[in-house]
Chemist: 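This is the structure I want to talk about, given as structure tokens.
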Amino acid sequence: MAKVNIIYWSGTGNTEAMANAILEGAKEKADAALIEVESASEDDVLSADTVFLGCPAMGDEVLEEYEFEPFMESIDSKISGKNIVLFGSYSWAEGKWMEDWEERVKNDNANLLESYICFEAPDDDKVEELKELGRKHS
């Protein structure tokens with residue numbers, strides 16, 4: 001059975017809701033775990049077959065800078081060849097943070113499978129799409 005880790009940071013709960021929906025779908029096909037970024041380790045990335053990384057747009061369309069960005073910096077040099085799915089929410093941005101994040105992961109030579117953004121909290125339709133995202137990449 002494939003190992004899937006969903007590592008995320010959420011300020012308002014929107015990205016956490018996304019992560020929970022992904023987990024629900026992933027658990028149907030894989031050994032899946034939900035991990036808040038402050039308790040995530042490098043091994044949580046290296047030991048998984050697929051890693052979902054979730055962070056909302058912050059500030060001037062950047063990753064959250066105190067917990068998620070340092071974690072991302074710590075794995076940048078280690079995710080070459082890793083299957084990665086990115087996700088996050090936004091409320092004022094236009095998606096630039098996700099475009100920049102996608103480019104960063106590609107530059108790390110990771111295998112970017114997909115990315116998914118959601119305006120504010122996921123509604124019922126988005127929750128179903130997120131469950132399918134979890135199933136699809138597990």
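All residue numbers in this chain count up from 1 along the given sequence. Since the structure is predicted, the reported quantities are computational estimates derived from the model, not experimental observations.
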Chemist: Check this for me: Glu94, atom CD, are more than 12 non-hydrogen atoms of other residues, nucleotides or ligands nearer than 6.0 Å?
Modeler: no

Chemist: Can you pull out every salt bridge (Lys or Arg N to Asp or Glu O under 4.0 Å) where at least one residue sits in residues 4-23? Sequence neighbours excluded, please.
Modeler: none

Chemist: How about Met72 and Asp108: do any of their side-chain heavy atoms sit closer than 4.5 Å?
Modeler: yes

Chemist: Glu64: what forms a side chain to side chain contact (heavy atoms under 4.5 Å, CB included) with it, not counting sequence neighbours?
Modeler: Trp9, Cys55, Met58, Tyr66, Glu67, Phe68

Chemist: Look at the side-chain heavy atoms of Ile, Leu, Val, Met, Phe, Trp and Tyr, link any pair under 4.5 Å apart, and say whether Ile35 and Phe71 land in one connected group.
Modeler: yes

Chemist: For the CZ atom of Phe119 and the CG atom of Asn14, what is their distance to the nearest 0.5 Å?
Modeler: 9.5 Å

Chemist: Please determine whether side chain to side chain contact (heavy atoms under 4.5 Å, CB included) holds for the pair Glu102 and Leu112, giving the CA-CA distance in whole Å, both sets of side-chain angles, and the decisive distance to 0.1 Å.
Modeler: CA-CA 7 Å; Glu102 290 169 347; Leu112 179 62; 3.8 Å; yes

Chemist: Hey, what do you get for OG (Ser80) to CG (Asn107), rounding to the nearest 0.5 Å?
Modeler: 11.5 Å

Chemist: Which value, rounded to the nearest 0.5 Å, describes the distance between Glu99 atom CD and Ser115 atom OG?
Modeler: 9.0 Å

Chemist: What is the minimum heavy-atom distance between Val45 and Lys82, and which atoms define it?
Modeler: O-CE, 3.1 Å

Chemist: Specify the closest pair of heavy atoms between Ser39 and Asp44, including all atoms of both residues, with the distance to one decimal.
Modeler: O-OD2, 4.0 Å

Chemist: Rounded to the nearest 0.5 Å, what's the gap from OG on Ser74 to CD1 on Ile79? Could you check?
Modeler: 10.0 Å

Chemist: Output side-chain donor-acceptor pairs under 3.5 Å for residues 47-54, partner residues at least two apart or in another chain, one line each.
Modeler:
{"residue": "Ser47", "atom": "OG", "partner": "Asp43", "partner atom": "O", "Å": "2.7"}
{"residue": "Asp49", "atom": "OD2", "partner": "Lys3", "partner atom": "N", "Å": "2.6"}
{"residue": "Thr50", "atom": "OG1", "partner": "His137", "partner atom": "O", "Å": "3.4"}

Chemist: Shared ILVMFWY cluster between Phe87 and Val37, side chains joined below 4.5 angstrom?
Modeler: no

Chemist: Which heavy atom in Ala30 sits nearest to a heavy atom in Ala2, and how many Å separate them?
Modeler: CB-O, 3.3 Å

Chemist: Taking only residues two or more places apart in sequence or in another chain, which ones pass side chain to side chain donor-acceptor pair (under 3.5 Å) with Lys29?
Modeler: none

Chemist: Any link between Leu63 and Ile117 through a network of hydrophobic side chains (Ile, Leu, Val, Met, Phe, Trp, Tyr) touching at under 4.5 Å?
Modeler: yes

Chemist: Check for me, please, whether Leu113 and Ile7 land in the same ILVMFWY cluster - side-chain distances under 4.5 Å, paths through other members count.
Modeler: no

Chemist: Out of curiosity, Leu23 CG to Asn5 CG, how far, rounded to the nearest 0.5 Å?
Modeler: 10.0 Å

Chemist: Under 3.5 Å, which donor-acceptor pairs link side chains of residues 128-135 to any protein atom two or more places apart or in another chain?
Modeler:
{"residue": "Glu128", "atom": "OE2", "partner": "Lys131", "partner atom": "NZ", "Å": "3.2"}
{"residue": "Glu129", "atom": "OE1", "partner": "Tyr116", "partner atom": "OH", "Å": "2.5"}
{"residue": "Lys131", "atom": "NZ", "partner": "Glu24", "partner atom": "OE2", "Å": "3.2"}
{"residue": "Glu132", "atom": "OE1", "partner": "Arg135", "partner atom": "NE", "Å": "3.1"}
{"residue": "Glu132", "atom": "OE1", "partner": "Arg135", "partner atom": "NH2", "Å": "3.3"}
{"residue": "Arg135", "atom": "NH1", "partner": "Glu28", "partner atom": "OE1", "Å": "3.4"}
{"residue": "Arg135", "atom": "NH1", "partner": "Glu28", "partner atom": "OE2", "Å": "3.0"}

Chemist: Given the rule that I, L, V, M, F, W and Y join up when any side-chain heavy atoms are under 4.5 Å apart, are Val105 and Val85 in one cluster?
Modeler: no

Chemist: Between Ile84 and Lys106, is any pair of side-chain heavy atoms under 4.5 Å apart?
Modeler: no

Chemist: May I ask you to test the Asp100-Glu61 pair for a side-chain heavy-atom distance under 4.5 Å?
Modeler: no

Chemist: Do Tyr8 and Met18 have side-chain heavy atoms sitting under 4.5 Å apart?
Modeler: no

Chemist: Would you find a donor on one side and an acceptor on the other, under 3.5 Å apart, between the side chain of Asp123 and the backbone of Asp125?
Modeler: yes

Chemist: Would you please name every residue forming a side chain to side chain contact (heavy atoms under 4.5 Å, CB included) with Glu42, sequence neighbours left out?
Modeler: Leu46, Lys78

Chemist: Counting only heavy atoms from other residues, nucleotides and ligands, does the tally under 6.0 Å from CG of Asp60 exceed 12?
Modeler: no

